[in-house]
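Notes follow the structure.
In each ligand, atom 1 is the first atom listed, and ligand 1 is the first ligand listed.
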Amino acid sequence: MFKRVVRSWLDKDEQGQSSELSPDNIPQHIAVIMDGNGRWAKNFGMPRVIGHQNGMKAVKRATIAADELGVKYLTMYAFSTENWKRPKDEVEFLMKLPAEFVATELDELVERNVQVRLMGDKSILPAYTLEPLEKAIRDTKHNTGLVLTFALNYGSRIEITEGVKKMVQAVQEGSISVDEITPDTFGEVLQSSGLPDPDLLIRTSGELRLSNFMLWQLAYSELWFTPIYWPEFSKEHMIEAVAEYQRRIRRYGGL
Ligand code: IPE
Ligand code: IPE
Ligand code: MG
């Protein structure tokens, strides 16, 4: 089915260029650092939170685009463990967005067979943030399509440190030996357990850094940076990123 969609997008290419998108080399997992909401709003003389509001619409566009391309996993960095440093009003606004997203989009996510997941420390999220997300997770648990993971109150260093603690505890309890600690078994104690490593990382807003996002998992991912701000992100940008991904040669240290 998605081959047809990919083809029809190619046919619509305005420059008449035959795009490189090959249906056989679609990244299985795309991770996204959604950045630039505040600057986008500022450009229009609007408060930063309007950028976040519009960023939510871009999440929907990115989800649909990934789904139609045949991507299996889409992981969205929505709030970092460092974002608590922001002004209280902005944090509160961000924390209220999931409820709005679930209220407006859950039906379509269910219809599209999308499975919603959460990554990050849930323990300090307010109930008004967590409860709607948990409803979305419950209602989509048996869906078999795109796996859409929100990284909320997520930070790699905490994730890795917590993983180390779990491993130490397992060794102390005798359920695992020191020799059994390998990159594979360690990957299983991370919050991303069950997700393959991202094939492609997208970051918007022109910043060229990872900002504590999936440091372990991105070891061999292809990185794609774009100057556009997250609220501007559209299907065309997703196609552009995937087209660039398909031009890359992944060597994993080999030849
Ligand atoms: C990304 O946009 C959203 C979050 C980090 C929550 P920003 O809010 O970081 O926007 P800029 O980078 O300040 O423009
Ligand atoms: C990264 O963006 C976090 C998210 C997109 C959720 P930031 O805006 O927080 O990153 P820095 O501070 O510019 O590195
Ligand atoms: Mg930012």
Side-chain angles (χ1 to χ4, degrees), residues 29-63 65-66 73-102 104-105 116-126 128-130 132-133 136 148-161 190-192 195 198 200-218 221 223-234 237-238 241:
H29 183 177
I30 298 180
V32 185
I33 302 177
M34 309 184 274
D35 198 16
N37 292 351
R39 280 165 283 169
W40 179 83
K42 194 171 169 235
N43 272 352
F44 291 99
M46 296 186 295
R48 291 177 55 83
V49 293
I50 302 297
H52 298 315
Q53 190 74 44
N54 283 275
M56 198 173 73
K57 294 180 193 155
V59 173
K60 179 181 184 173
R61 290 194 295 273
T63 303
Y73 301 87
L74 181 68
T75 302
M76 314 294 278
Y77 202 8
F79 193 90
S80 77
T81 46
E82 288 72 36
N83 287 147
W84 298 105
K85 293 177 198 162
R86 296 186 178 200
K88 191 170 162 279
D89 286 355
E90 182 171 341
V91 168
E92 209 171 284
F93 190 92
L94 285 165
M95 286 295 152
K96 283 182 178 154
L97 283 181
E100 200 179 322
F101 183 78
V102 170
T104 54
E105 308 304 340
V116 178
R117 293 192 199 174
L118 204 52
M119 193 168 84
D121 178 8
K122 293 189 280 190
S123 70
I124 55 166
L125 295 178
Y128 63 78
T129 308
L130 194 53
L133 284 170
L148 173 64
T149 304
F150 290 101
L152 200 60
N153 190 25
Y154 172 86
S156 254
R157 288 187 169 180
I158 291 209
E159 175 191 37
I160 292 170
T161 314
L190 296 178
Q191 291 162 6
S192 59
L195 301 177
L200 172 65
L201 171 82
I202 294 174
R203 181 170 189 153
T204 56
S205 92
E207 306 297 354
L208 308 180
R209 55 176 172 260
L210 296 179
S211 302
N212 203 13
F213 188 50
M214 301 188 92
L215 302 182
W216 173 275
Q217 299 86 344
L218 291 170
S221 308
L223 311 179
W224 188 76
F225 298 100
T226 170
I228 68 140
Y229 294 134
W230 178 249
E232 301 168 297
F233 193 86
S234 69
H237 298 112
M238 187 65 90

Side chain to side chain donor-acceptor pair (under 3.5 Å) filter on Asn212, not counting sequence neighbours, yields Glu82

Test log, rule side-chain contact (heavy atoms from CB on, under 4.5 Å), inputs Val91 and Asn83: CA-CA 8 Å; Val91 168; Asn83 287 147; 6.0 Å; no

| field | Under 3.5 Å donor-acceptor, Asn153 side chain and Gly120 backbone | value | no

Please check: side-chain N/O of Tyr229 versus main-chain N/O of Asn43, any donor-acceptor pairing under 3.5 Å? no

Taking every heavy atom of Met214 against every heavy atom of Ala31, the minimum-distance pair comes out as SD-CB, 4.1 Å

of all protein heavy atoms, closest to atom 10 (O) of ligand 1 is Gly38 N, 2.9 Å

The single option from Leu208, Ile33, Leu210, Thr226 that satisfies side-chain contact (heavy atoms from CB on, under 4.5 Å) with Arg203 is Ile33

Q: Fit a plane to each ring of Tyr73 and His29, take the angle between them on a 0 to 90° scale, and name the class: parallel (under 30°), tilted (30 to 60°) or perpendicular (over 60°).
A: tilted

Please confirm whether Arg86 comes within less than 3.5 Å of ligand 1 when only nitrogen or oxygen atoms on both sides are compared.
yes

Looking only at heavy atoms, the pair that brings Val102 and Ala136 closest together is CG2-CB, 4.0 Å

The atoms of ligand 2 lying under 4.0 Å from a heavy atom of Arg203, numbered in the order shown, are 2 (O), 10 (O), 11 (P), 13 (O), 14 (O)

Any heavy atom of Arg48 under 4.0 Å from ligand 1? The part involved is side chain

Note on the Mg ion (ligand 3): protein N/O/S atoms within less than 2.8 Å are Asp35 OD1

In terms of heavy-atom contacts, Tyr128 and Met95 come closest through CE1-O, 3.7 Å

CG/Leu218: more than 12 non-hydrogen atoms of other groups inside 6.0 Å | yes

Ligand 2 atoms nearer than 4.0 angstrom to some heavy atom of Phe79 are 6 (C)

Q.
Please check whether Asn37 reaches ligand 1 - meaning an N/O of the residue sits under 3.5 Å from an N/O of the ligand, judged on distance alone.
A. yes

If you compare Ala78, Ser211, Gly36 by their heavy atoms, the one closest to atom 11 (P) of ligand 2 turns out to be Ser211

Ser80 N/O under 3.5 Å from ligand 2 N/O: no

Query raised in the report: Looking at ligand 1, does any of its N/O atoms fall within less than 3.5 Å of an N/O of Leu94?
Result: no

Practice item. Give me the ring orientation class for Phe93 and His52: parallel if the planes are under 30° apart, tilted from 30 to 60°, perpendicular past 60°. Key: tilted

So for Lys42, does at least one of its heavy atoms come nearer than 4.0 angstrom to any atom of ligand 1? no

Report task. Before signing off on this row, confirm whether Ser205 and ligand 1 have an N or O atom pair separated by under 3.5 Å. Result -> no

Residues Pro47 and Ala41: closest non-hydrogen pair is O-CB, 3.2 Å

Counting from 1 in the order shown, the ligand 2 atoms closer than 4.0 Å to a non-hydrogen atom of Arg209 are 11 (P), 13 (O), 14 (O)

task: Please confirm whether the backbone N or O of Pro231 pairs with a side-chain atom of Arg61, one donor and one acceptor, at under 3.5 Å?
output: yes

In this structure, atom 5 (C) of ligand 2 is nearest to the protein heavy atom Met34 O, 3.2 Å

re atom 9 (O) of ligand 2, the protein heavy-atom contact at minimum distance is Asn83 ND2, 2.9 Å

